[in-house]
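Nothing here was measured: the structure is a model prediction, and the numbers come from that model.
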Amino acid sequence: MDLRIFTEPQQGATYDDLLRVARASEDLGFDAFFRSDHYLPMNVDGRPGPTDAWVTLAGLARETSTIRLGTLVTSATFRYPGPLAVSVAQVDAMSGGRVELGLGAGWYAEEHAAGAIPFPPVGERFDRFEDTLAIVTGMWATPEGETFDHQGLHFSVTGSPGLPKPVQDSVPIVIGGGGKKRTPALAARYATEFNLPFADAETTATQFDRVRAACTEAGRDPSSMTWSNALVLCCGSSDAEVARRAGAIGREVDEVIRNGAAGSPSQVVDTLGRFAELGSTRVYLQVLDLHDLDHLALVAEQVMPQVG
């Protein structure tokens with residue numbers, strides 16, 4: 001199982017905070033460093049203020065060397081499809097081919113209102129999401145010297161040269177969430193990886209089955225999909241350490257053990273094993289206290305060897 005570090009910088013983090021965690025994640029052998037793409041904090045002050053996801057990843061692309069980098073997830077409401085394709089391709093080149101694009105329809109209404117970002121009804125958001133997937137992947141796949149056209153419901157393209165190209169032959173696309181119909185269908189068509197965040201094993205099994213069925217219906221082998229989860233991390237070498245880390249992120253010990261990758265290293269291994277039995281081969285460990293690098297070291301030393 002791949003273990004990835006997933007951060008929420010809108011809750012309060014500078015670029016230097018993120019660089020420190022990304023470098024530690026790389027040095028400790030984690031598979032990837034991902035960040036959310038949000039502009040408004042949730043239930044905290046959020047100072048010094050948000051950082052832009054793709055500006056951050058461009059910087060990290062030049063200041064790391066091996067770890068993979070990506071968003072979980074960029075909202076399709078935040079960027080027009082063509083400029084998004086350019087940004088991701090450029091950051092992929094800056095990283096030497098280490099970028100992955102997590103993309104979603106968008107959900108946080110207050111964030112859009114606070115940032116002067118239009119927030120259409122959910123059906124239209126999914127239409128725009130689908131257009132964005134078609135355009136971004138279509139531009140990247142267009143052979144050099146040819147042009148790309150797309151007639152969408154909300155976004156259309158005429159005569160695009162589809163440049164620049166990513167370094168990777170195909171930038172991995174991560175799609176996730178609990179939607180019952182459109183999410184599985186879009187994942188089956190476009191996703192390299194399907195991710196279900198912050199869900200229990202029963203919910204994971206149900207949603208993975210929906211996406212597998214959508215793959216089969218679309219004529220795709222479900223085994224070609226990477227299956228993953230995201231879980232809040234709260235691991236400690238003693239009960240006191242678990243309690244201290246839970247308190248630092250505003251969670252109750254019993255609750256975070258029940259719902260996250262939490263408790264002793266052996267408890268975390270057992271939790272990850274339950275998701276592995278459902279087909280998950282990758283877990284994004286949500287790290288909320290970005291100053292506690294000993295937390296990452298503990299997981300690298302005592303969890304990673306047992307699940308890798």
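- For the salt bridge (Lys or Arg N to Asp or Glu O under 4.0 Å) test, no residue two or more places apart in sequence or in another chain qualifies with R35.
- Salt-bridge check for D221 with R212: failed, with every basic side-chain N at 4.0 Å or more from each acidic carboxylate O.
- Side-chain contact annotation: Y108 with Q10, donor-acceptor N/O pair under 3.5 Å absent.
- Counting only distance, with no hydrogens or angles, the side chain of K165 and the backbone of M139 share a donor-acceptor pair below 3.5 Å.
- Between the side chain of E111 and the backbone N or O of Y39, at least one donor-acceptor pair lies under 3.5 Å.
- Donor-acceptor pairing under 3.5 Å is lacking for the side chains of T206 and D209.
- With R4 contributing its side chain and F33 its backbone, the two residues share no donor-acceptor pair below 3.5 Å.
- Within the 3.5 Å criterion, the main-chain N or O of A230 finds no donor-acceptor partner in the side chain of Q286.
- Between F148 and H150, the two ring planes are parallel [angle under 30°; tilted spans 30° to 60°].
- When ring centroids are compared, F78 and H112 come within the 6.0 Å threshold.
- Of the possible donor and acceptor atoms, none in the side chain of D37 sits under 3.5 Å from a partner among the backbone N and O of V73.
- Between the side chains of T216 and R220, no donor-acceptor pair of N or O atoms lies under 3.5 Å.
- Residues R68 and D31 are not paired through a salt bridge, judged by the lack of any N-O separation under 4.0 Å between the basic side chain and the carboxylate.
- No more than 12 heavy atoms of other residues, nucleotides or ligands sit less than 6.0 Å from atom CD of E217.
- A donor-acceptor distance shorter than 3.5 angstrom exists from the side chain of D92 to the backbone of Q168, with no hydrogens or angles considered.
- Applying the ring-ring contact (aromatic ring centres under 6.0 Å, His included) rule to Y190 yields no partners; only residues at least two apart in sequence or on another chain are considered.
- Side-chain contact of T74 with W54: a donor-acceptor pair under 3.5 Å is present, judged by distance alone.
- T281 contributes no side-chain N or O that, together with a main-chain N or O of M1, makes up a donor-acceptor pair within less than 3.5 Å.
- The backbone N or O of T64 sits less than 3.5 Å from a side-chain atom of R98, completing a donor-acceptor pair.
- Here the side chain of D149 pairs no donor or acceptor atom with the backbone of S160 at under 3.5 angstrom.
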